[in-house]
Amino acid sequence: MKRLVLMLLLAGSIQGVYAQNTEKKEKFSPNTPLFEELTDVKKKTDKFNLFLNMQGSFDAHFRNGFQEGDFNMHQLRIEAKGNINNWLSYRYRQRLNRSNDANGMIDNLPTSIDWAGINIKLNDQFSLFAGKQCTAYGGFEFDLNPIDVYEYCDMIENMSNFMTGLNVGYNITSDQQLNLQILNSRNNSFEKTYGITEDSEGKLPDLKSGKMPLVYTLNWNGNFNNVFKTRWSASLLNEASSKNLYYYAIGNELNLGKWNAFVDFMYSQEAIDRTGIITNIIGRPNGHNTFNTDYLSVVAKCNYRFLPKWNAFVKGMYETASVRKAGENIEKGNYRTSWGYLAGIEFYPMETNLHFFVTYVGRSYNFTSRARVLGQENYSTNRISVGFIWQMPIF
């Protein structure tokens with residue numbers, strides 16, 4: 001009888017412990033790294049944090065009717081960052097679905113690496129970030145984590161956004177920051193970046209790379225009572241000898257409780273076509289990208305958090321691609337106007353940014369008579385996507 005009672009007490013104790021552990025495991029904390037959930041060991045340091053950035057969906061594509069449906073992992077990036085002490089931190093982020101070939105890159109890094117550098121806090125006002133980093137261009141959509149963007153405008157889609165160099169940050173106040181950034185102006189070689197090829201007579205164009213192919217950016221990030229925010233910038237890029245690119249971006253955001261909206265204005269003036277849209281329309285008649293191109297983009301988005309876990313949004317994009325100055329038998333004027341229109345609903349089941357979405361993305365491209373004589377035709381595309389987005393905390 002004593003043995004039976006002892007066995008029953010032991011079985012009850014084991015069952016109680018199991019029930020407690022099971023109950024604890026079922027109470028998954030969305031803000032807790034996966035490492036802590038699996039090991040039940042509390043992470044006590046901020047020196048190493050690891051994330052997996054994901055955006056995946058099933059996409060139905062339409063162009064003159066239904067084309068195809070497929071599953072696609074649009075974004076997959078591993079990210080590590082941490083604070084070593086009160087003045088030194090680091091950040092590393094790499095795209096897992098892009099080539100890791102660094103051959104021919106001027107910074108000896110593949111374009112799959114977005115961030116790879118250290119941040120030094122000099123005092124409460126000044127800081128330095130050295131290494132590969134995101135260019136400090138203005139605009140709110142440009143500043144978002146790429147996993148949170150369903151469709152970029154053409155200008156951002158064709159930009160080189162991650163370069164190697166130095167950023168100097170200055171906190172005017174806790175809500176106002178200036179950044180002065182000096183980076184490489186390109187990743188690839190001069191010839192590949194600007195399409196330097198032989199012309200019809202087998203001659204190479206008389207173009208040479210600048211001795212210091214750098215981009216200089218002044219950026220202002222403002223915050224006014226968390227109601228109105230700014231992301232403004234002005235940039236100068238040395239594209240080639242005696243040929244520069246000037247880029248301006250003005251981003252304004254308004255936050256009114258459940259409502260959030262931003263409008264980004266972007267303008268690029270390029271002595272030699274860096275964006276490449278005009279060159280793709282006209283071609284390279286003299287063995288190089290087109291000279292004297294202009295690009296204008298306006299992007300607006302409105303979010304409405306109609307329930308704590310539900311968000312609806314609409315977004316519009318307007319863009320033009322033009323030749324600013326006639327030359328080389330190329331006519332001055334606008335060549336293409338494009339529109340983008342998006343709408344969707346997002347569901348956030350947890351406190352983290354994990355969310356499921358249903359979105360519609362439409363794009364329309366209208367070519368002027370200048371482009372139509374070169375064989376271009378107007379067209380539209382549509383896409384319906386169902387998927388998820390998550391910056392998963394691993395450690």
Side-chain angles (χ1 to χ4, degrees), residues 21-59 70-84 89-100 109-119 129 131-134 140-152 156 161-162 260 301 303 305 307-313 342 344-359 361 383-395:
N21 289 338
T22 302
E23 181 182 3
K24 184 175 182 180
K25 290 301 180 182
E26 288 178 350
K27 294 181 179 179
F28 172 73
S29 174
N31 296 314
T32 302
L34 188 61
F35 168 81
E36 292 186 19
E37 292 293 333
L38 294 177
T39 63
D40 200 24
V41 175
K42 181 69 174 177
K43 186 169 77 76
K44 298 181 179 180
T45 179
D46 191 38
K47 294 182 179 180
F48 180 70
N49 300 277
L50 186 64
F51 302 91
L52 186 63
N53 298 278
M54 297 178 287
Q55 185 198 109
S57 64
F58 177 81
D59 305 323
D70 52 47
F71 290 97
N72 196 318
M73 185 59 74
H74 295 280
Q75 300 285 347
L76 185 63
R77 307 179 190 223
I78 195 77
E79 181 173 1
K81 56 184 177 180
N83 298 304
I84 304 301
S89 60
Y90 68 91
R91 186 176 182 184
Y92 176 85
R93 191 174 76 189
Q94 184 167 5
R95 282 171 274 190
L96 302 180
N97 49 3
R98 175 170 287 194
S99 171
N100 293 319
L109 290 172
T111 56
S112 62
I113 295 179
D114 296 339
W115 291 80
I118 61 172
N119 187 75
F129 189 96
K132 194 167 187 181
Q133 57 196 281
C134 183
F140 279 88
E141 181 155 278
F142 184 85
D143 202 41
L144 291 173
N145 187 324
I147 64 174
D148 292 320
V149 180
Y150 299 108
E151 180 86 356
Y152 280 109
I156 295 180
N161 301 331
F162 301 99
N260 165 274
K301 184 180 181 182
N303 294 286
R305 199 70 172 249
L307 288 172
K309 294 185 177 182
W310 290 88
N311 180 67
F313 72 88
L342 293 80
I345 295 179
E346 302 167 326
F347 173 60
Y348 293 77
M350 303 192 302
E351 295 177 7
T352 64
N353 72 338
L354 169 67
H355 53 285
F356 302 93
F357 63 83
V358 178
T359 62
V361 179
R383 186 179 83 238
I384 297 175
S385 300
V386 180
F388 74 96
I389 292 173
W390 194 17
Q391 186 182 59
M392 183 176 70
I394 299 175
F395 186 90

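Side-chain atoms are counted along with the backbone in the values below, which use heavy atoms only and exclude waters and symmetry mates.
- In this structure the side chain of P146 reaches within 4.5 angstrom of the side chain of Y152, judged on heavy atoms.
- The salt bridge (Lys or Arg N to Asp or Glu O under 4.0 Å) test applied to D114 returns R77, R93, R95, not counting sequence neighbours.
- F388 meets the ring pair (Phe, Tyr, Trp, His ring centres under 6.0 Å) test with no other residue; sequence neighbours excluded.
- Taking the six-membered ring for Trp and the full ring otherwise, H355 and F347 have centroids separated by 6.0 Å or more.
- For Q55, there are no side-chain hydrogen bond (donor to acceptor under 3.5 Å, both in side chains) partners, not counting sequence neighbours.
- Between K47 and Y90, every side-chain heavy-atom pair lies at or beyond the 4.5 Å cut-off.
- To the nearest 0.5 Å, the span separating CZ on F162 from CD1 on I113 amounts to 12.0 Å.
- Between the side chains of N100 and Q94, at least one donor N or O lies within less than 3.5 Å of an accepting N or O.
- Contact of the I394 side chain with the N49 side chain is not registered, since no non-hydrogen atoms from C-beta on lie closer than 4.5 Å.
- Remark: K301 engages no residue in a salt bridge (Lys or Arg N to Asp or Glu O under 4.0 Å) (not counting sequence neighbours).
- With F129 as the aromatic partner, R91 does not meet the cation-pi criteria of under 6.0 angstrom to the ring centre and within 45 degrees of the ring axis.
- Residues F142 and N161 form a side-chain contact, since some pair of their non-hydrogen atoms from C-beta on lies under 4.5 Å apart.
- Under the rule for a side-chain contact (heavy atoms from CB on, under 4.5 Å), the partners of L307 that lie at least two apart in sequence or sit in another chain are W310.
- Within the 4.5 Å cutoff, no side-chain heavy atoms of Y92 are placed close to those of K81.
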Check against side-chain contact (heavy atoms from CB on, under 4.5 Å), L52 and L96: CA-CA 10 Å; L52 186 63; L96 302 180; 4.2 Å; yes

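- No side-chain heavy atom of Q75 sits under 4.5 Å from any side-chain heavy atom of M54.
- Applying the side-chain hydrogen bond (donor to acceptor under 3.5 Å, both in side chains) test to N83 and every residue at least two apart in sequence or in another chain returns D46.
- With sequence neighbours excluded, no residue forms a ring pair (Phe, Tyr, Trp, His ring centres under 6.0 Å) with F356.
- N145 is linked by a side-chain hydrogen bond (donor to acceptor under 3.5 Å, both in side chains) to N53, counting only residues two or more places apart in sequence or in another chain.
- In terms of the ring pair (Phe, Tyr, Trp, His ring centres under 6.0 Å) criterion, F51 has no residue partners (sequence neighbours excluded).
- Nearest heavy atom pair, residue N311 against residue Y348, reads CB-CE1, 4.2 Å.
- Scanning for side-chain contact (heavy atoms from CB on, under 4.5 Å) contacts around T111 gives R98, M105, N187, with sequence neighbours left out.
- The side-chain contact (heavy atoms from CB on, under 4.5 Å) test applied to S385 returns S57, D59, F357, T359, R383, not counting sequence neighbours.
- No side-chain heavy atom of L354 sits less than 4.5 Å from a side-chain heavy atom of I389.
- Taking the side-chain hydrogen bond (donor to acceptor under 3.5 Å, both in side chains) definition, one finds that Y150 meets it with E346, sequence neighbours left out.
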